[in-house]
Asks: 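Starting off with a structure, shown below.
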Amino acid sequence: AQDYLFKGQIERMLLIRSLRYAIERMRTARSLAENEDRYRALVETTEDGIAVIQGPRLVFCNHQLAGLLGYTTDEIITRHYLDFIHSDDRNRFSRMVDLTTQGSTSPVVMEFRAVTRSGEIFEVEAGASSFMWENTNAVLCSFRDITERRRLEFKLFQADKLESLSIMVSGVAHELKNPLAAIIGAADILLEEERTDDLVDRCCKIFKRESDRCARIIREMQTFATGETQTGFIIDVNDAIDRTLVMWEDTLETNNIRLDLDLSRYIPGAQVDPFRFHQVLFIFIKNAVEALEKNNSGTLVISTSHAYN
């Protein structure tokens with residue numbers, strides 16, 4: 001317990017001990033003030049938005065977050081934290097806050113859409129961790145605008161897509177040569193030889209067969225070329241393989257490459273981006289074919305199966 005000094009009862013040791021307590025209290029108060037100043041400077045100079053959520057309300061936010069949302073700090077304080085979250089993302093964000101409030105030992109990070117005062121929607125990466133605010137449990141959140149990052153990612157995706165398309169165009173041009181040569185050859189026969197009913201019938205069948213092949217190749221090319229990044233799609237893996245192989249039929253035949261397909265009937269749908277999945281299949285098959293072309297023969301084996309957990 002702290003000693004107290006009373007008039008007329010000052011002893012040397014008591015005085016020294018009391019002075020030491022006073023100095024320690026002063027140092028502690030100064031240290032707390034310095035720490036508070038350091039943390040305040042950190043919060044106000046960081047490029048990220050910072051907020052403290054206590055219950056359903058925002059009890060603190062820095063100027064960066066207020067600027068991102070188009071408000072002043074005073075306008076944000078005491079508002080419900082979901083007021084600034086896109087309606088489709090509110091359940092996810094609320095679960096993140098609840099998980100953190102319940103004592104998650106590590107920071108929780110997620111991406112969601114925020115809404116400014118003017119109604120503009122932008123993408124944000126948020127991190128949350130639990131801590132004490134004025135002796136009460138609270139959630140400390142950081143917010144980072146990732147609009148520019150998303151723009152750069154999209155540009156990289158487009159560049160990657162153009163590179164893949166250039167490879168694919170080269171392959172498709174090669175695949176179209178054979179059916180077009182058959183069509184041209186049949187047309188030349190009709191022009192040069194006497195046209196009997198049998199000859200016309202055979203040439204028409206060639207026209208139909210090879211034109212259908214060209215149409216299939218072009219159709220798959222269009223599917224690949226116009227594909228957009230899409231998540232949440234359920235695709236048939238076996239069907240995707242069959243459709244990709246259409247563009248390699250003539251190459252396999254020309255190079256004496258046998259195709260060994262072992263596609264399981266019990267494959268569940270896969271939740272993937274259709275464009276990227278088609279892209280990966282095309283590149284895999286291309287690499288395998290190029291390796292087999294060196295020997296002008298071989299077997300291309302493609303199989304699917306369900307990997308049970």
Asks: How close do A66 and I76 get, counting heavy atoms only, and between which atoms?
Replies: CA-CD1, 3.6 Å
Asks: What pairs of residues pass the ring-ring contact (aromatic ring centres under 6.0 Å, His included) test when at least one of them lies in residues 115-139, not counting sequence neighbours?
Replies: F60-W133
Asks: Tell me, please, which residues at least two apart from R258 pass salt bridge (charged side-chain N to carboxylate O under 4.0 Å, His left out).
Replies: none
Asks: Output all residues satisfying ring-ring contact (aromatic ring centres under 6.0 Å, His included) with F143, sequence neighbours left out; order by chain, then residue number.
Replies: none
Asks: Taking side chain to side chain donor-acceptor pair (under 3.5 Å) as the test, write out the residues that go with S264, two or more places apart.
Replies: none
Asks: Salt bridge or not for D89 and R92, using N-O below 4.0 Å?
Replies: yes
Asks: Per the salt bridge (charged side-chain N to carboxylate O under 4.0 Å, His left out) rule, what does the pair list look like for residues 57-81, sequence neighbours excluded?
Replies: E75-R117, R79-D83
Asks: Go through the structure and list residues passing salt bridge (charged side-chain N to carboxylate O under 4.0 Å, His left out) with R265, not counting sequence neighbours.
Replies: none
Asks: Quick one: list whatever passes salt bridge (charged side-chain N to carboxylate O under 4.0 Å, His left out) with E148, sequence neighbours left out.
Replies: R151
Asks: Tell me every residue that passes side chain to side chain donor-acceptor pair (under 3.5 Å) with T147, counting only those two or more places apart in sequence or in another chain.
Replies: D145
Asks: For N135, enumerate each residue passing the side-chain contact (heavy atoms from CB on, under 4.5 Å) test, keeping only those at least two apart in sequence or located in another chain.
Replies: none
Asks: Using the test side chain to side chain donor-acceptor pair (under 3.5 Å), find all partners of E125 that sit at least two apart in sequence or belong to another chain.
Replies: R149
Asks: Output all residues satisfying side chain to side chain donor-acceptor pair (under 3.5 Å) with N238, sequence neighbours left out; order by chain, then residue number.
Replies: T304
Asks: List in chain and number order the residues that pass ring-ring contact (aromatic ring centres under 6.0 Å, His included) with F93, two or more places apart in sequence or in another chain; answer none if no residue qualifies.
Replies: Y81, F112
